[in-house]
Amino acid sequence: MTKPPFILTIAGGGSTYTPGIVKSLMVRLADFPLAEIRLYDIDSQRQDTIAPVVEKVIRDHSDSIRFCVTTDPEVAFSGAHFVFAQMRVGQYKMREQDERIPLRHGVVGQETCGPGGLAYGLRTILPMVELIDLVERFAHKDAWIVNYSNPAAIVAEGIRRLRPDARVLNICDMPVAAMRNIAAVLGVKREDITVDYFGLNHFGWFTRVLVEGEDRLPELREHIARYGLLTANAADTDPQHADPSWVKTWRNIKPVMDHFPEFVPNPYLQYYLMPNDIVAHQDPNYTRANEVMDGREKKLFAAAATYKQTGILPDAFHVGVHGAFIVDVACSLAFDLRQRHLVIVENKGAIANLPYDAMVEVPAYITANGPEPVRMGNVPTFHRALLEQQLASEQLLVEATLEGSYEKALQAFTLNRTVPTMQHAKAILDEMIAANREYWPQLKQAYRDGV
Ligand code: G6P
Ligand code: MN
């Protein structure tokens with residue numbers, strides 16, 4: 001086990017999320033003592049722009065924490081106890097491509113779902129493994145990587161195949177953001193809710209919502225039938241997911257549950273269960289990537305500029321569940337707290353009727369040696385079938401990346417529920433190959449290229 005005060009490195013230091021995560025760390029210093037925070041990124045210009053904001057957030061809370069900004073992996077990881085990873089390979093400019101290309105073919109254009117998520121997976125798996133190797137080379141032997149990097153389901157499967165023993169815990173803030181809204185609807189605190197949940201990342205369902213031992217799902221069902229997963233006036237939403245397009249996403253829990261009221265779906269299921277409706281409301285010339293660049297990113301860069309000129313830091317970032325959750329998980333790993341959190345783990349029977357080696361998202365007790373998943377039992381046929389199809393699509397994508405296989409990539413695209421035909425799959429894949437030339441491994445056609 002590692003001992004506090006910790007050295008923590010944020011890999012993807014130039015992310016728009018970095019100041020919020022650091023702020024979350026600062027308000028939890030008593031629980032998670034820090035000796036040093038390091039920012040590491042391969043884009044020094046972007047990281048250098050954001051670093052003064054981060055330093056100011058630290059200095060508002062502590063004079064003693066050392067602060068380091070670097071593009072040198074040895075400097076970044078030497079002796080580090082924790083690494084928070086949030087890499088975005090290709091940055092928002094490639095997210096824009098991931099979203100636009102499918103949309104031009106009438107298919108959902110989304111960061112982690114459908115062809116966009118598969119494309120992002122092809123970019124991220126190998127750089128993520130490189131990062132793990134650098135951490136293992138330089139960091140403390142018991143260091144933990146807590147990984148937010150997307151597309152999390154595919155990244156987790158890639159890590160399982162290539163670095164099965166690495167101390168990496170893959171997490172996502174979507175279930176916990178949903179729990180925050182659930183708590184607001186029920187008029188309780190997020191910490192007072194215990195949920196059962198099964199699925200894959202961005203593809204799962206809440207099956208029970210316990211408050212003091214009582215399952216409040218029936219009440220939640222009634223509320224969602226009227227308002228979706230928002231309070232009646234939509235005022236109390238996690239600030240990280242409060243843009244109009246996110247409000248629409250929370251509202252879309254209603255149509256999904258109007259059809260299938262049994263469980264509360266992860267908001268991302270809208271892309272798989274009502275893709276036509278989603279596409280009808282998306283604009284191929286202005287996708288969520290554009291909203292983020294013109295919103296969250298611009299606001300942060302503007303705040304950094306104002307701070308540089310005036311020494312005053314505008315309130316430009318949120319301390320929402322995103323930062324709070326990664327700090328909670330790190331505390332539980334650091335001090336063997338065995339807190340129950342929803343995380344991405346190897347199934348090993350947690351979902352009895354899914355493959356043993358699938359990377360699933362379920363509740364787990366987070367110990368100093370990693371997650372101990374909770375058994376969710378068998379899932380119903382409808383959900384199992386949806387999960388198996390999605391899992392196969394994601395696993396084929398990982399195999400395509402590792403083997404450089406065009407056929408497997410095409411199978412992954414074709415098998416994804418968001419893609420209506422093999423012809424759509426091929427047209428989108430071929431455009432994506434061209435757009436990702438700088439990033440993807442080369443994909444070869446076994447029956448044509450003779451490999
Ligand atoms: C949620 C998901 C993340 C995703 C983010 C996108 O938080 O859990 O995996 O990256 O939404 O949000 P954005 O505001 O960038 O569209
Ligand atoms: Mn996520």
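Note that the numbering runs from 1 along the sequence shown for the chain. Order of appearance sets the numbers: ligands from 1, and atoms from 1 within every ligand.
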Tell me whether the centres of the aromatic rings in Phe260 and Phe382 are closer together than 6.0 Å. yes
Between His322 and Tyr148 (judged by ring centroids, cut-off 6.0 Å), do the two rings come close enough to count as a pair? yes
If you measure only the distance, is there a donor-acceptor pair under 3.5 Å linking the side chains of [X] and [Y]?
X	Y	value
Glu431	His105	yes
Glu399	Gln395	no
Arg296	Tyr92	yes

So, regarding Thr112 and ligand 1 (criterion: nitrogen or oxygen to nitrogen or oxygen, under 3.5 Å), is there a contact or not? no
Would you mind finding which of Arg296, Glu111, Arg288 brings a heavy atom closest to atom 15 (O) of ligand 1? Arg296
Taking only heavy atoms of [X], which atoms of ligand 1 are found under 4.0 Å from at least one of them?
X	value
Arg95	13 (P), 15 (O), 16 (O)
Cys172	8 (O)
His202	2 (C), 8 (O), 9 (O)

Measure from the Mn ion (ligand 2) to every N/O/S atom of His202 and report the name of the nearest one. NE2
Non-hydrogen atom of His241 closer than 4.0 Å to ligand 1: yes
Touching ligand 1 at all, Trp246? Heavy atoms, strictly under 4.0 Å? yes
For [atom], the protein heavy atom that lies nearest, with its residue and separation:
atom	value
atom 8 (O) of ligand 1	Asp173 OD1, 2.6 Å
atom 5 (C) of ligand 1	Tyr268 OH, 3.8 Å
atom 3 (C) of ligand 1	Asn150 ND2, 3.6 Å

Any heavy atom of Gln240 under 4.0 Å from ligand 1? The part involved is neither
Contact partition for Tyr92 relative to ligand 1, non-hydrogen atoms under 4.0 Å: neither
On the 0 to 90° scale, with breaks at 30° and 60°, tag the Phe6-Phe335 ring pair as parallel, tilted or perpendicular. tilted
Any idea how Tyr268 and His202 line up, ring-wise: parallel (<30°), tilted (30 to 60°), or perpendicular (>60°)? parallel
Give a yes or no on this: more than 12 heavy atoms of other residues, nucleotides or ligands lie within 6.0 Å of atom CD of Glu222. no
Assess whether salt bridge (Lys or Arg N to Asp or Glu O under 4.0 Å) is satisfied between Lys93 and Glu96, documenting all intermediate values. CA-CA 5 Å; Lys93 107 179 165 338; Glu96 189 182 14; over 6 Å; no
